[in-house]
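Below, each value reflects all heavy atoms present in this structure, side chains not excepted, and no hydrogens, waters or symmetry copies.
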Amino acid sequence: MLKTLPAGSVNMCVTSPPYYGLRDYGIDGQLGTEDAPALYIERLVDIFSEVYRVLRKDGTL
């Protein structure tokens, strides 16, 4: 969804990513069920890079 938003268009992002390996909601590709912690961190970095892209200069995360 983030990739569909224009850059600098979001005032605030509130999130609580799941911890690695703690929960399984039964959804394919869900965050936190990667095979290794490094893959989990890589996905988090990708997600938060997009959050940074869409946040306004005065935006809050």
Side-chain angles (χ1 to χ4, degrees):
M1 185 68 189
L2 284 169
K3 291 186 184 290
T4 68
L5 299 174
S9 64
V10 174
N11 291 326
M12 180 173 58
C13 175
V14 177
T15 186
S16 179
Y19 290 108
Y20 173 73
L22 186 61
R23 300 243 192 306
D24 184 350
Y25 297 104
I27 299 170
D28 289 338
Q30 72 185 27
L31 186 62
T33 60
E34 293 77 12
D35 292 332
L39 297 173
Y40 170 70
I41 292 168
E42 186 176 309
R43 287 193 60 206
L44 280 177
V45 168
D46 290 344
I47 291 166
F48 283 102
S49 292
E50 277 299 299
V51 170
Y52 180 76
R53 182 188 68 79
V54 300
L55 273 178
R56 292 170 32 136
K57 294 295 179 199
D58 61 347
T60 301
L61 169 61

Asks: How is the hydrophobic cluster of M12 composed, in terms of its other members, when Ile, Leu, Val, Met, Phe, Trp and Tyr link through side-chain heavy atoms under 4.5 Å apart, directly or indirectly?
Replies: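 Members alongside M12: V14.
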
Asks: Sub-3.5 Å donor-acceptor pair from the side chain of R23 to the main-chain atoms of G32, do we have one?
Replies: no

Asks: Determine which pairs satisfy ring-ring contact (aromatic ring centres under 6.0 Å, His included) with at least one residue from residues 23-44, sequence neighbours left out, and list them in order.
Replies: Y20-Y40

Asks: For D24, does the CG atom sit with more than 12 other heavy atoms under 6.0 Å from it, leaving out its own atoms?
Replies: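 Atom CG in D24 is packed in, count exceeds 12.
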
Asks: Can you tell me how far apart CD (Q30) and CZ (R43) are? Round to the nearest 0.5 Å.
Replies: 9.0 Å

Asks: Between I47 and I41, is there shared hydrophobic-cluster membership here, with clusters defined by ILVMFWY side-chain heavy atoms closer than 4.5 Å?
Replies: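 Yes, I47 connects to I41 through the hydrophobic network.
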
Asks: Please tell me whether L31 and V45 are part of a single hydrophobic cluster in this structure, the criterion being side-chain heavy atoms less than 4.5 Å apart.
Replies: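 The answer is yes; both residues are in one hydrophobic cluster.
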
Asks: Between atom CG of L44 and atom CG of D46, what is the distance when rounded to the nearest 0.5 Å?
Replies: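 Nearest 0.5 Å value for the CG-CG distance: 9.0 Å.
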
Asks: First locate atom CZ of F48, then atom CG of L2, and finally report the distance between them rounded to the nearest 0.5 Å.
Replies: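 Reported to 0.5 Å precision, the distance equals 9.5 Å.
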
Asks: Can you tell me how far apart SG (C13) and CG (L5) are? Round to the nearest 0.5 Å.
Replies: 10.0 Å

